[in-house]
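Each remark here refers to the structure printed beneath this line.
Proteins get letters first, then strands, A, B, ... in listed order; numbering begins at 1 in each.
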Amino acid sequence: MSSENYTFENEEYRQRYWHTCSHVMAQAVKRLWPEVKLAIGPAIKEGWYYDMLAPFAFTPEHLEQIEAEMKKICKEGLKLERFELPRDEAVSFMTQQGEPFKVELINDLPADSVISFYRQGEFTDLCAGPHLDSTSRIKANALKLLSCNAAYWRGDSSRETLQRIYGIAFPKKEELEAYLERIEEAKRRDHRKLGKELGLFAFRDEAPGFPFYLPNGMVLQNTLLDYWHKVHKKWDYLEISTPQIMKRTLWETSGHWDHYKDNMYTTVIDDEDYAIKPMNCPGSILVYELEPHSYKDLPLRYGELGHVHRHELSGALHGMFRVRCFTQDDAHILLAKEQIQGEVVRITKLIDEVYSVFGLPYRILLSTMPEDHIGTRADWEKAESALADAITSIGKSYEVNPGDGAFYGPKLDFEIEDCLGRRWQCGTIQLDYQLPGRFDLEYTDTNSEKQTPVMIHRVVFGSVERFIGIITEHFAGAFPTWLSPVQVKLLPVTDRAFEYADGIKAELESRGYRAFVDKRNEKTGRKIRDAQMEKVPYMLVVGDRDMENGTVSPRHRTDGDLGAMSLDAFISLLAEVVDSKAVK
RNA sequence: GCUGUUAUAGCUCAGUCGGUAGAGCGCAUCCUUGGUAAGGAUGAGGUCCCCGGUUCAAAUCCGGGUAACAGCUCCA
């Protein structure tokens, strides 16, 4: 069967298609600028890229030129032919072609590997394939070069910085347009843009990477945390709060001073070294150590909304997604080995409960033993199967992420998928066999013997800041009513209705709702438009008619005019939406 | 941190060849009292990111900072 019998929905065919596009792009570049050196050009999840070294920086105009040349190559209908060469011939071939990166790649291939090439017209590339059979298979008017950026050769920051050109292509022009539209939609939802427009948060040059919460953002955060408190009370967590700054000796015991110092902010107090906490675990441990513990205390669940600081590289900062100080909705659970599975089930149920409130689907990843680890293989296997069994026991499934665990234990990661299909790692459950031992933690078991507890680190939101960023984009700023900074905006038709509106506002506030009156000297249409732009869920138009009949005229931001009704009727409607935490 | 790009009014952005700045929105005042997505008029706002250089003259050209953006590396 020829590869062209596949459809584009087929993953393997898609990869083949994009990989061929990447060769066509490289060919176009070499035709335009023969002096450019090629590195690697794989197909990726969406599209492809090619890394290259050029004596000048590519600009959008260059990309247009390359794109035009690519279209020409597609129309030329060049056949792709595979051939193999022995290693020494492969090296001399690429040396002769003036491609040092390709020579390095060939030299690094394992001794027994087959070294294959693909030729199309005058262009030949080192490549394992597979490919389409001809460049004419690529739909010339449905391909686009998206951007050009820097990338390190072999992902190594100590090596050459190359230029990476990203591209995308589809078999139909409409699919390309839909893809580009999705990118535009993501831009419209960018939480940095919405955060500014909606008055949620801000950044200043005076504090790069350290967010300022504005009044609306503070309401959102507090509402989120109120909910967090409620859920954690229900699941038997004990809330604590530990110091921001603690002595160097503590961080030496925990291992952070040796392994995490580059990311820590430090200070000196009374001639002693201190560090601002980058993580909450050592603080929780100090609380545990305050008194002796019995097996009857376990699992002991310390919850902490811990404000941590980490010195991230300036180039890594990204709105609320990557900041230098953030709040983890952390918990440290101390428990006996045999309690692990049951506790993991509890945590998974809690996480499931929270994510479903936001309407966020997720998948679970099990990260197993990395090469660099502590503890015996048997212990690891036991821990990994405890995590795996916990997930399957509640009818959920997981994917394995081999070797991606922390050095001190395996973990479960919860990856949220937002409404644009983008994935975000939020929740995580990590088993830790190391820290309790480093701090000599113990509990007394049923035989009056001292035992070392296991520690579970877990977060649900991950970081409150990142979670706020994610839901801002997920809801495009139109938060569900229970989370909206302003839930009801009263729009008096004339100033005769101000007093009536104030009375309704007071009534709503006394019931715990967030209401505001728009008393600007503007027409109703204008007030509605502005409230819509602010994404307020409910607008209450009140005018002479309502005052006469004792009604309000609610308008929902998506459902439109709901018609006049009594205030009581509106309040019960509002109560139902808010209390159910509906995504509305 | 690295590579590239960018920085002009509260916001979004124009500003040609180097001759000390403009629009729309917002804001203020006045008119307008208007029932489901923008009523009208007038007006006030600028250390053109910071420091230095070239020049008779710099928002504009050059160098160095800072910050943001895209990506790499790293990560909640």
Side-chain angles (χ1 to χ4, degrees), chain A residues 49 51 53-54 56-60 146-166 187 190 192-193 196-197 199 202-209 260 262-263 278-280 306 308 310-330 413-414 424-428 430 457-467 469-470 491-498 520-534 539-547 551-557 559-564:
Chain A
Y49 67 78
D51 285 348
L53 186 65
F56 56 90
F58 288 116
T59 63
L146 298 168
S147 60
C148 172
N149 293 100
Y152 296 117
W153 168 229
R154 306 195 125 176
D156 182 343
S157 55
S158 67
R159 301 211 50 184
E160 295 93 327
T161 300
L162 308 172
Q163 297 191 67
R164 175 174 295 180
I165 301 177
Y166 284 93
K187 276 187 200 158
D190 191 311
R192 293 167 296 188
K193 179 173 168 284
K196 189 185 267 186
E197 288 170 4
F203 291 89
R204 298 276 319 225
D205 287 4
E206 288 83 349
Y260 205 70
D262 288 348
N263 283 294
M279 296 183 193
N280 304 302
V308 297
R310 298 182 186 175
H311 179 76
E312 300 294 346
L313 295 177
S314 58
L317 303 177
H318 183 96
M320 296 296 255
F321 288 166
R322 195 75 182 277
V323 289
R324 284 177 170 159
C325 76
F326 56 99
T327 307
Q328 290 182 303
D329 63 321
D330 219 343
D413 287 325
F414 292 71
W424 308 100
Q425 202 231 291
C426 290
T428 174
Q430 300 186 4
H457 311 247
R458 52 109 278 192
V459 288
V460 185
F461 295 144
S463 109
V464 174
E465 284 69 17
R466 177 179 285 183
F467 196 77
I470 292 168
L491 313 180
V493 178
T494 66
D495 50 16
R496 289 188 298 280
F498 282 4
R520 290 176 308 161
N521 181 8
E522 296 291 350
K523 293 190 173 182
T524 308
R526 179 49 178 270
K527 291 183 182 183
I528 287 172
R529 180 172 194 274
D530 290 343
Q532 285 284 151
M533 305 288 275
E534 289 164 32
M539 291 151 256
L540 288 190
V541 177
V542 287
D544 293 341
R545 273 205 313 266
D546 296 291
M547 289 193 282
T551 58
V552 295
S553 302
R555 180 184 208 281
H556 185 262
R557 65 186 164 198
D559 300 347
D561 192 350
L562 303 179

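In this structure, of A37(B), C72(B), G34(B), it is A37(B) that holds the atom nearest to the side chain of Arg555(A). Residue Ala150(A) places its side chain closer to G71(B) than to any other of U33(B), G39(B), G71(B). Closest to the Val541(A) side chain, of the nucleotides U73(B), G39(B), G35(B), is G35(B). Checking A76(B), U3(B), G35(B) against every side-chain atom of Ser463(A), the shortest atom distance belongs to A76(B). Of all nucleotides listed (C72(B), C75(B), U33(B)), C75(B) comes nearest to the side chain of Arg466(A). In the set A76(B), U3(B), G39(B), the nucleotide with an atom closest to the side chain of Glu522(A) is G39(B). Candidate nucleotides A76(B), G35(B), U3(B) were compared by shortest atom distance to the side chain of Thr524(A), and G35(B) ranks first.
The nearest heavy atom of RNA chain B to Gln430(A) and to Pro492(A) marks one nucleotide each, and the one closer to the 5' end goes with Pro492(A). With RNA chain B read from its 5' end, the first of the two nearest nucleotides for Asp190(A) and Arg526(A) is the one closest to Arg526(A).
Between C11(B) and G18(B), the distance separating the two C1' atoms is 29 Å to the nearest Å. Nucleotides U47(B) and U60(B) place their P atoms 16 Å apart, quoted to the nearest Å. Straight-line distance between the P atoms of U3(B) and G64(B): roughly 12 Å, to the nearest whole Å. The P atoms of U55(B) and C72(B) are separated by 44 Å, rounded to the nearest whole Å. Spacing between U6(B) and C56(B) at atom P, rounded to whole Å, works out to 29 Å. Here the separation of U66(B) from C50(B), taken at their C1' atoms, is 7 Å to the nearest Å. On the C1' atoms, A9(B) is 12 Å away from G24(B), given to the nearest whole Å. Across the P atoms, G19(B) and A57(B) are found 14 Å apart, a figure rounded to whole Å.
With rounding to the nearest 0.5 Å, the separation of CG in Leu313(A) from CZ in Arg322(A) is 8.0 Å. Residue Met539(A) holds its CE atom at 8.0 Å from NE2 of His556(A), rounded to the nearest 0.5 Å. Taking CG of Leu53(A) as the start and CG of Leu162(A) as the end, the distance is 6.0 Å to the nearest 0.5 Å.
Under the 3.5 Å distance criterion, the side-chain polar atoms of Arg555(A) are left unmatched by any main-chain donor or acceptor of Gly563(A). In terms of modelled atom types and a separation under 3.5 Å, the side chain of Lys527(A) and the main chain of Arg520(A) share a donor-acceptor contact. Formation of a donor-acceptor pair under 3.5 Å by the Arg310(A) side chain with backbone atoms of Pro278(A) is found in this model. The main-chain N or O of Asp51(A) is never found under 3.5 Å from a side-chain atom of Arg164(A) such that the two would form a donor-acceptor pair. Checking side-chain atoms of Gln163(A) against main-chain N and O of Phe56(A) turns up a donor-acceptor pair under 3.5 Å.
Using a 4.0 Å heavy-atom criterion, one finds that Arg192(A) contacts the sugar-phosphate atoms exclusively. Base contact: Val323(A) has a heavy atom under 4.0 Å from a base atom. Using a 4.0 Å heavy-atom criterion, one finds that Gly543(A) contacts the bases of the nucleic acid, with or without backbone contacts as well. Residue contacts for Asp546(A): at a heavy-atom cut-off of 4.0 Å it reaches a base atom on one of the strands shown. Residue Gly525(A) is in sugar-phosphate contact alone, with no base atom involved, counting any heavy-atom pair closer than 4.0 Å across all strands shown. Here Glu465(A) lies out of heavy-atom contact (under 4.0 Å) with every strand. Within 4.0 Å of Thr494(A), counting heavy atoms only, lies at least one base atom of the nucleic acid. Counting any heavy atom pair closer than 4.0 Å across all strands shown, Tyr166(A) reaches sugar-phosphate atoms only and no base atom. In this structure, Asp561(A) reaches the bases: a heavy-atom distance under 4.0 Å links it to at least one base atom across the strands shown. If you check every strand for non-hydrogen atoms under 4.0 Å, Gln163(A) touches nothing.
Put simply, the side chain of Tyr152(A) and the base of G1(B) share a donor and an acceptor less than 3.5 Å apart. Not a single donor-acceptor contact under 3.5 angstrom links the side-chain atoms of Asp544(A) to the base of G34(B). Side-chain to base pairing of Ser553(A) with G35(B): one donor and one acceptor N or O lie within less than 3.5 Å of each other. In the interface, the side chain of Asn149(A) is not paired with the base of U3(B) through any donor and acceptor atom under 3.5 Å apart. Put simply, the side chain of Arg322(A) and the base of C74(B) share a donor and an acceptor less than 3.5 Å apart.
By the rule that a glycosidic angle within 90° of 0 means syn, G71(B) does not qualify and counts as anti. C13(B) takes the anti form, because its glycosidic angle lies more than 90° either side of 0.
When base pairs are accepted only as Watson-Crick or G-U wobble with both N-N or N-O distances under 3.5 Å, RNA chain B takes part in stems of 3 or more pairs at B:1-7 with B:66-72, B:10-13 with B:22-25, B:27-31 with B:39-43, B:49-53 with B:61-65.
Using a 4.0 Å cut-off between a side-chain N of Lys or Arg and a carboxylate O of Asp or Glu, Arg204(A) and Glu206(A) qualify as a salt bridge. Ion pairing between Asp156(A) and Arg154(A) fails under the 4.0 Å rule for side-chain N and carboxylate O.
Between Asp205(A) atom CG and A7(B) atom C1' the separation is 10 Å, expressed in whole Å. Atom CD in Glu206(A) sits about 11 Å away from atom P in A68(B), given to the nearest Å.
The side chain of Lys196(A) places an N or O atom within less than 4.0 Å of a non-bridging phosphate oxygen (OP1 or OP2) of U12(B). Side-chain nitrogen and oxygen atoms of Tyr260(A) include none within less than 4.0 Å of the OP1 or OP2 phosphate oxygen of C75(B). Within the 4.0 Å cut-off from OP1 or OP2 of G1(B), at least one side-chain nitrogen or oxygen of Ser314(A) is found. Residue Arg310(A) places no side-chain N or O under 4.0 Å from the OP1 or OP2 atom of C75(B). For A70(B), the OP1/OP2 oxygens have a side-chain nitrogen or oxygen of His318(A) closer than 4.0 Å.
Evaluated for a ring pair (Phe, Tyr, Trp, His ring centres under 6.0 Å) with Trp424(A), the options Phe321(A), Phe461(A), Phe414(A) yield exactly one hit, Phe321(A).
Both thresholds, 5.5 Å between centres and 30° between ring planes, are not jointly met by Phe203(A) relative to the base of A68(B), so the two rings are not stacked.
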